[in-house]
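None of the values given here were measured: they were computed from a predicted structure.
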Amino acid sequence: MSNHPVPRSCPDTAAQRLRSMLVGASSLTLRTAEHRADVVGRHAVGGDGRLRLDLPARSQLAGALARQGEAVATIEVTDVAPTPVRDRVRGRGSLTGWLTPVAVGADRDGAGDLTVVLDLAAAEVSTAGASTAVDPDEFAAAEPDPLAADEAELLCHLDGQHPHTVRQLCRLVDRRDLRGVRRVTPVRLDRHGLVLRIERAGGQHDARLAFTPMLRHADELGGHIAELLDRSARCRRRWL
């Protein structure tokens, strides 16, 4: 059986990539003129496309925002491959705009969170050494990847618990990309397919195994993986 072509790039727009980065990230870096904070597990993008963050109400940054009413801020997000490979950073994003308090939630001790929103003025995404500007209106309208929230767990499970599946899927990779292979690790899973990192003595290469058609909902993942495995089972050559 002939080798299946392996697309090298992801056709998502810059706005979609940035939305997906934010959904998948567990932490962000927030900067104002006077403060810097690492915000862990405290962000979300609302249906209106505005980034919301919950800041500890007793923090210096929250106190300054409560007094000033708003502040110019830049929020940075890093897209990191969840599996243990070299060069794990897959991309970076930044969003700049006006940070404004919208609500305060108190706990039993009288403390709590200050919820703030970012009214976006400018944004960009950097991947593979190239930066692309993101229009704020396009960002607000963009749909994140349906697998973004669960990608890390899914990839780590595939890598740690199903190495035989990874080996079988390698039958779909161009034979030339497997010469001198030392290790193959899944490094990305999105609506367009699964990406394998192929490490060789002389370097490394990423190969995308495309879903056909594109995945529209997370519930379709099982069927799409089964289709890839069916294609790989029909390949006569083996990877050892």
Next item on the list: For residues R208 and R188, report the shortest heavy-atom separation together with the two atoms involved.
Entry: NH2-CD, 3.6 Å
Margin query: For T83 versus P186, what's the shortest heavy-atom pair and its separation?
Written below: OG1-O, 2.7 Å
Check: So which heavy atom on L172 is nearest to which on L228, and how close?
Finding: CD1-O, 3.6 Å
Checklist line | Polar side-chain atom of Q16 near backbone of T13 as donor-acceptor pair, under 3.5 Å | finding: yes
Item checked: Between S126 and S131: side-chain donor-acceptor atoms closer than 3.5 Å -> yes
Notebook entry, point to check: Hey, which of D177, V85, V195, D87 is the one that makes side chain to side chain contact (heavy atoms under 4.5 Å, CB included) with D206?
Noted result: V195
Next item on the list: Identify the heavy atoms of L22 and H43 that sit nearest to each other, and give their distance.
Entry: O-NE2, 2.7 Å
Check: If you measure from OG on S20 to CG on D12, what distance do you get to the nearest 0.5 Å?
Finding: 6.0 Å
Margin query: Please enumerate all residues that pass side-chain contact (heavy atoms from CB on, under 4.5 Å) together with D48, with sequence neighbours excluded.
Written below: R50, R52
Check: F211 and L194: which non-hydrogen atoms are nearest, and at how many Å?
Finding: CZ-N, 4.4 Å
Item checked: Polar side-chain atom of D190 near backbone of G193 as donor-acceptor pair, under 3.5 Å -> yes
Note to self: To check you understand the geometry: which heavy-atom pair defines the closest contact between A14 and V125, and what is its length?
What the structure shows: O-CG2, 3.6 Å
Item checked: Donor + acceptor pair across side chains of S232, Q168 (<3.5 Å) -> yes
Item checked: salt bridge (Lys or Arg N to Asp or Glu O under 4.0 Å) involving E143 - partner list, sequence neighbours excluded -> none
Notebook entry, point to check: Is H217 reaching over with its side chain to a backbone N or O of D219, donor-acceptor style, under 3.5 angstrom?
Noted result: yes
Next item on the list: Give a yes or no on whether the backbone of A57 and the side-chain of D113 come within a donor-acceptor separation of less than 3.5 Å.
Entry: no
Next item on the list: Output the distance between atom CD (E70) and atom CG (L118), rounded to the nearest 0.5 Å.
Entry: 11.0 Å
